[in-house]
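Okay, so here's the structure we're looking at.
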Amino acid sequence: MKTKLFVITPPFTQLNTPYPATAYIKGFLNTKNIESVQADLGIDVILELFSKKGLIDLFDVSGFKFQVSGSEISDNSKRIFALQDEYIKTIDSVIQFLQGKNPTLALQICQEDFLPEASRFAQLEELDWAFGTMGTQDKAKHLATLYLEDISDFIVECVDENFGFSRYAERLGRSANFFDELYEALQQEPTYIDSILISLLKAKIEEVKPTLFLISVPFPGNLYSAFRSAQWVKQNHPEIKISMGGGFPNTELRSLSDKRVFEFFDFVTLDDGEVPIEELIFNLENPNSDSYKRTFLLENGEVVYKNNSLKHDYKQSQVGTPDYSDLPLDKYISVIEIVNPMHRMWSDGRWNKLTMAHGCYWGKCTFCDISLDYIKVYEPVAASLLCDRMEELIEQTGQNGFHFVDEAAPPALMRALALEILKRKLAVTWWTNIRFEKSFSKDLCLLLKASGCIAVSGGLEVASDRLLKLIDKGVTVEQVAKVTRNFTEAGIMVHAYLMYGYPTQTIQETVDSLEMVRQLFEAGVLQSGFWHQFALTAHSPVGLYPEQFGVTKKTEAIGTFANNDIEYTDATGINHDKFSFGLKKSLFNFMHGICFDYELQDWFDFKIPKTKIHPDFIFNALQEQKDFNTKPNAKVVWLGGKPSAEVFTKSKKGRSWEMMSLTFHDKKESFNIQTSKEEGEWLVSILSKIAVSGSKNYTFQEVKNDFETELEDFELFWYSKPINTLREFGLLVL
């Protein structure tokens, strides 16, 4: 019997773009001519719920709460309920606007008498000054986002406490060492959100008629809905086999032993999904076969883990291009939370997701899951193949925005990709995650910008050199400052992941870390950031060897369900939670370019020590001397066009000699340089050779050799005023 696959992401992940796992799997299955259909049930449920019919049903279902005397309902929910006709009237047009289909509505939304307003709009006074820099479309998107969040608050209070736009019943999936609480929730009557999910799932299953149902669970906030979906299919279509994979099982379910999980799922697979799925298909089509790749299943009433397949995982060049067909790309909704520029990119706009490299080329950070394959197995994709995939996706989706979802994109591959994009004359917009390492020179950042890179995010983590060394980050704060300056000056936005509460971190180091962050924002080299509290995970070096980091696990017991986040005590005994509010509030203000003159003490309601960081530490780190030491194997690239040349004669004290004037035009302006005729002729010749559209990349040594075949004193010419001018307009040494 031929297998037909149905692959879903259960509610909820992002509103603006599909989570890419199902598209990756479908792209791989295409290379094997295996039929599959994918769905993002998260966006499907949201669009069903946030519609005219959905809100009529919602207010109808919640109505009984308002009729029961003594039921405690907030004034905010009472206000929303009273304004239900206004919400029902406006919802469809607002959703269309957020889908990009109804742009003229922005003018009405910005009048501020079109949308009903509840408590979320109270923050508008505080944020009013930000609207000065926002266009009408952005302001309207933000107001529409607040309007949706008001409805969400109403749902949480009056209908379903587990609702959230990018997660559902997340607490049931977080640190769930045992299956009991989730299992108990699944024995209850389906919630209102569940009923919407099930009605959509029922229609899809009846339409697709799959033999194998794959559920991708990237986060804890997808787990409950995954089980609800599997439960309904098991009860109503027991002939369909069901498998779970994705980020959550990869990190959390590696020691799974609770057999009740298999009342819902037939299989749970770990790590890269291609071969495990291929083997599941083979086993279903050949019932006597027993070949599995990294798969949990129930055998003779016991949970067993089988990894007896002889197949190797596929190389990245063999897995195909992600396939977004079946997904309603025109129906995703862009929302704007204006506080954080990087978070805005996560939630606004449709991004094609791709990966430059499997795993992490650094793979040493001690807080990270470096023992697991998704980090440990590093394999880059060739730049030409990446560009092929980008062109395929542009054709398939009509979108030219790309988010490379790497753990840390390798600088050499980013350089190769940028050159390939420019060579193919692709007009694309892209962003990715990096390490702030010294390879990101000023010229490399300019090249990345020219290729369409608009933003990077990277881990500064704890801005303390002692702790960065303990983390094994391979960077220093001074180096981070220089790299962020290079990106910023090239016009690429920089977001820093910041961490507090790392094992052995002292209060002094937390305060000094905040001072470093303050100085980085004040210097204008960081534009966005976010503080995360350290979490101890089972598969990180700190989790595997806690004694080396002054940490004691509260228990060595391994749960029968999810095992990743570990409770621990730190030898310092410091309660890091108390820093959370002050760190986040200060960062909010720094991101808006204000409050740099505040004392650090002003952000906390308890006594903190004075910082030991010199007030000009970052400023001094950025006063860098020009480096004249160019490596012979550095690539020399010209991003500009062909100049027009004019020869003229110059005379002085009775002597005459020929000069050349070269005129260049870039996108913004025209400029002129003058050289001797011989140097000018060589320059015109070499610029055509090293042009980014050329088929060969020339090294600095090759350029030097070329010059010296006919001329002398290359160094004198290379550091002369004409070349310095060209360096400012796109002559790059990489």
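As a basis for the values below, the full set of heavy atoms in this structure was taken, side chains included, without hydrogen atoms, waters or symmetry mates. Counting from 1, the numbers follow the sequence of the chain as shown.
Counting only heavy atoms from C-beta outward, the side chains of Thr145 and Glu149 approach each other to under 4.5 Å. Looking at Leu201 and Phe6, their side chains come closer than 4.5 Å, going by heavy atoms from C-beta outward. The shortest side-chain heavy-atom distance between Phe165 and Phe12 does not fall under the 4.5 Å cut-off. Annotation: side chain of Met414 is in contact with side chain of Phe440 (closest heavy-atom distance under 4.5 Å). At a threshold of 4.5 Å between non-hydrogen side-chain atoms, the residues Asn16 and Val335 do not count as touching. Side-chain contact between Lys26 and Thr22 is absent, with no heavy-atom pair separated by less than 4.5 Å. Using a 4.5 Å cut-off on side-chain heavy atoms (C-beta onward), Phe521 and Asn589 make no contact. Considering only heavy atoms from C-beta on, Trp430 stays 4.5 Å or farther from His403 through its side chain.
The two residues Pro10 and Ser216 come nearest to each other via the heavy atoms CD-O, 3.0 Å. Residues Tyr332 and Pro328 come closest through the heavy atom pair CD1-O, 3.3 Å. Smallest separation of non-hydrogen atoms from Ala450 and Leu422: O-CD2, 3.4 Å. For Pro322 against Leu393, the heavy-atom pair with the smallest separation is O-CD2, 3.3 Å. Of all the heavy atoms in Ile242 and Ala230, the pair that sits closest is CD1-O, 3.6 Å.
By the 30° and 60° cut-offs, the orientation of the rings of Trp431 relative to Trp351 is perpendicular. Ring-plane geometry between His592 and Phe588 is classed as tilted, the angle between the planes lying from 30 to 60 degrees on a 0 to 90 degree scale.
Applying the salt bridge (charged side-chain N to carboxylate O under 4.0 Å, His left out) test to every pair with at least one member in residues 484-494, sequence neighbours left out, gives these pairs: Arg485-Glu624.
Atom CE of Met493 and atom OG of Ser457 lie 8.5 Å apart (nearest 0.5 Å). Between atom CG of residue Leu583 and atom CD of residue Gln533 there is a gap of 9.5 Å, rounded to the nearest 0.5 Å. Put simply, CD on Gln38 and CG on Leu214 are 11.5 Å apart, with the number rounded to the nearest 0.5 Å. Once rounded to the nearest 0.5 Å, the distance linking OG1 of Thr136 with CG of Leu105 reads 12.5 Å. A distance of 12.0 Å separates NZ in Lys353 from CG in Asp406, rounded to the nearest 0.5 Å.
By the side chain to side chain donor-acceptor pair (under 3.5 Å) test, Ser334 pairs with Asp348, sequence neighbours left out. For Glu161, the side chain to side chain donor-acceptor pair (under 3.5 Å) criterion is met by no residue, not counting sequence neighbours. With sequence neighbours excluded, the residues that form a side chain to side chain donor-acceptor pair (under 3.5 Å) with Asn30 are Asp323. In terms of the side chain to side chain donor-acceptor pair (under 3.5 Å) criterion, residue partners of Asp57 (sequence neighbours excluded) are, by chain and number, Lys53. Ser513 is linked by a side chain to side chain contact (heavy atoms under 4.5 Å, CB included) to Val462, Ala463, Trp531, counting only residues two or more places apart in sequence or in another chain.
For the pair Arg228 and Tyr168, the NZ or CZ position fails the cation-pi test of under 6.0 Å to the six-membered ring centre and within 45 degrees of the ring normal.
We find that Arg389 and Glu392 are not joined by a salt bridge, their nearest charged nitrogen and carboxylate oxygen being 4.0 Å or further apart.
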*Could you check Lys204 against Glu207 for salt bridge (Lys or Arg N to Asp or Glu O under 4.0 Å), going step by step and ending with a plain yes or no?*
CA-CA 5 Å; Lys204 298 264 189 196; Glu207 181 190 343; 5.7 Å; no
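For Glu206, the CD atom sits in a packed shell: over 12 heavy atoms of surrounding residues, nucleotides or ligands are nearer than 6.0 Å. Atom NZ of Lys52 is surrounded by 12 or fewer heavy atoms from other residues, nucleotides or ligands within 6.0 Å.
Tyr192 and Phe163 have their aromatic ring centers separated by at least 6.0 angstrom. The ring of Tyr19 has its center closer than 6.0 angstrom to the ring center of Phe219.
Just one of Phe604, Tyr500, Trp603, Phe534 meets the ring pair (Phe, Tyr, Trp, His ring centres under 6.0 Å) condition when paired with Phe579; it is Phe604. Of the candidates Phe121, Phe50, Tyr87, Tyr147 forms a ring pair (Phe, Tyr, Trp, His ring centres under 6.0 Å) with just one, namely Tyr87.
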